[in-house]
Amino acid sequence: MKFSCSAAALSQACQNVQRAISSKTTIPALEGIYVRAADGYLELTGYDLEVGIQTRIDAAVKEEGSIVLNAKVFCEILRRLPADALEMECDSRYLASIIAGESRYRINGMGAEEYPELPSITGGVPLPLPLATLKEMVRQTIFAVAVNPDTKPIHTGVKFEMKPGELCLAAIDGFRLATRREAIDYDGEELSFVVPPKALGELRSMGGDDDTVTVAVGRRHIVFDIGNYHMVSRLLDGEFMNYRAAIPQAYKTEAAADTRNLISSIERISLIITEKIKSPIRCDVLPDEGRLEFTCATGVGTARDSVGADIEGEAFEVGFNNRFLLDALRACDTDQIRLRFNGAVQPVVMLPPEGEGFLFMVLPVRLKSE
């Protein structure tokens, strides 16, 4: 194998595919980047048997071939090269020679036959979506995936539900729920599948706001194509909770408030809560006074703050985990938010001012007597 290319382009591509490589693996080849030189281009692949990222860059290929190079070493060399023009050659013993300016490297690689092939998907109709829209949908749901090791693996991912005209994403961890809906140009069959968080995290770091992502789904894998990048991920197996049954269909009290003011108030209250000194936030819903009052008491001290709100319904008090409330509020993309309550032992439901483009639900925390 022998080729020349832009060192900057190769470095950028390798940095991107390296994100799919696991540092903890018992398979040496999976610690590396698969490099294949073909007619006019280089193909680069990183894969950890869960998520794979593949891309191509232009190259002047004098001799075709392939090799697997240690990702950490290869990426660091490329990142520090003093010149942009790079020449690379690999011999039959998988010894790679890299030349750029006055820099010379010779690093050991391994045969490409050691590298597993990326899964492929056949059948189905690829769905094009605005990448910025899908990224925003993921941002507004991924915070609610389960991270407890005792949780069912299926709940560590985000559920995708596709039906004619609509895409819905949902995540649930037993304490909170997040859903996000978007109208899409889709008229195929109804599909439901769960994507691991690693793949969605990588998706959020790829491409630009004006790019389009093409999604293709198989029985066991999903593929995201963004520009020159091709990402494949396994899907999670299992039965996802019927989250719709957990959403209250009626409410006793509804409050409309400014989202930023709510976030700021809870952040101020949270100053006396630490990882070692935890305590729920007490929320007093006061319709007659037109405000939501937040209080907290820990070993550090006490705090009280309030936010004006338009409230209809009953007055009561309820307790919440401050972090769960903040995660949901920060995921909102509207200036105003509706909060629906059903008393002290039922979850709060958060909705936009109009419609149900997003829905966040947080379970309450039982409060101790004063």
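Please read all numbers here as calculations on a predicted model, not as lab measurements.
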Q | Qualifying residue for side-chain contact (heavy atoms from CB on, under 4.5 Å) with C283, from L325, I266, L367, V318 | A | V318
Q. If you draw a 6.0 Å radius around CZ in R268, do more than 12 non-hydrogen atoms from other residues or ligands fall strictly inside?
A. yes
When the side chains of residues 108-124 are checked against the rest of the protein, which donor-acceptor pairs come out under 3.5 Å, sequence neighbours left out?
{"unit_1": "Y115", "atom_1": "OH", "unit_2": "T45", "atom_2": "O", "d": "3.4"}
{"unit_1": "Y115", "atom_1": "OH", "unit_2": "Y47", "atom_2": "N", "d": "2.9"}

Q) When the ring planes of F324 and F175 are compared, do they come out parallel, tilted or perpendicular, using 30° and 60° as the limits? A) tilted
Q: Answer yes or no: does atom NZ of K198 have more than 12 heavy-atom neighbours from other residues, nucleotides or ligands under 6.0 Å?
A: yes
Taking only distance into account, with no hydrogens and no angle test, what donor-acceptor pairs under 3.5 Å do side-chain atoms of residues 223-251 form with protein atoms, sequence neighbours excluded?
{"unit_1": "D225", "atom_1": "OD1", "unit_2": "H230", "atom_2": "ND1", "d": "2.6"}
{"unit_1": "Y229", "atom_1": "OH", "unit_2": "N16", "atom_2": "ND2", "d": "2.6"}
{"unit_1": "Y243", "atom_1": "OH", "unit_2": "E161", "atom_2": "OE1", "d": "2.6"}
{"unit_1": "R244", "atom_1": "NH1", "unit_2": "E161", "atom_2": "OE2", "d": "3.3"}
{"unit_1": "R244", "atom_1": "NH2", "unit_2": "E161", "atom_2": "OE1", "d": "3.0"}
{"unit_1": "Q249", "atom_1": "NE2", "unit_2": "I247", "atom_2": "O", "d": "2.9"}

Q | Any pair counted as side chain to side chain donor-acceptor pair (under 3.5 Å), so long as it reaches residues 333-348, sequence neighbours left out | A | E254-R340
(Q) Ignoring hydrogens, what is the shortest heavy-atom contact between C5 and A59? Give both atom names and the distance. (A) CB-CB, 3.9 Å
Q: List, by chain and then residue number, the residues other than L95 in its hydrophobic cluster (Ile/Leu/Val/Met/Phe/Trp/Tyr, side-chain heavy atoms under 4.5 Å); write none if there are no others.
A: none
Pairs of donor and acceptor atoms involving the side chains of residues 65-73, under 3.5 Å and at least two apart or interchain, shall be tabulated with distances.
{"unit_1": "N70", "atom_1": "OD1", "unit_2": "K72", "atom_2": "N", "d": "3.2"}
{"unit_1": "N70", "atom_1": "OD1", "unit_2": "V73", "atom_2": "N", "d": "3.0"}

Sequence neighbours excluded and cut-off under 3.5 Å, please list the side-chain donor-acceptor pairs for residues 135-144, or say none.
{"unit_1": "K135", "atom_1": "NZ", "unit_2": "R204", "atom_2": "O", "d": "3.4"}
{"unit_1": "K135", "atom_1": "NZ", "unit_2": "M206", "atom_2": "O", "d": "2.6"}
{"unit_1": "K135", "atom_1": "NZ", "unit_2": "G207", "atom_2": "O", "d": "3.4"}
{"unit_1": "E136", "atom_1": "OE1", "unit_2": "R139", "atom_2": "NE", "d": "3.1"}
{"unit_1": "E136", "atom_1": "OE2", "unit_2": "R139", "atom_2": "NE", "d": "3.4"}
{"unit_1": "E136", "atom_1": "OE2", "unit_2": "R139", "atom_2": "NH2", "d": "2.6"}
{"unit_1": "R139", "atom_1": "NH1", "unit_2": "R330", "atom_2": "O", "d": "3.2"}
{"unit_1": "R139", "atom_1": "NH2", "unit_2": "A331", "atom_2": "O", "d": "3.3"}
{"unit_1": "Q140", "atom_1": "OE1", "unit_2": "R180", "atom_2": "NE", "d": "2.5"}
{"unit_1": "Q140", "atom_1": "NE2", "unit_2": "A331", "atom_2": "O", "d": "2.8"}
{"unit_1": "T141", "atom_1": "OG1", "unit_2": "M137", "atom_2": "O", "d": "2.9"}
{"unit_1": "T141", "atom_1": "OG1", "unit_2": "V138", "atom_2": "O", "d": "3.3"}

Q. So which heavy atom on D258 is nearest to which on R260, and how close?
A. OD1-N, 3.1 Å
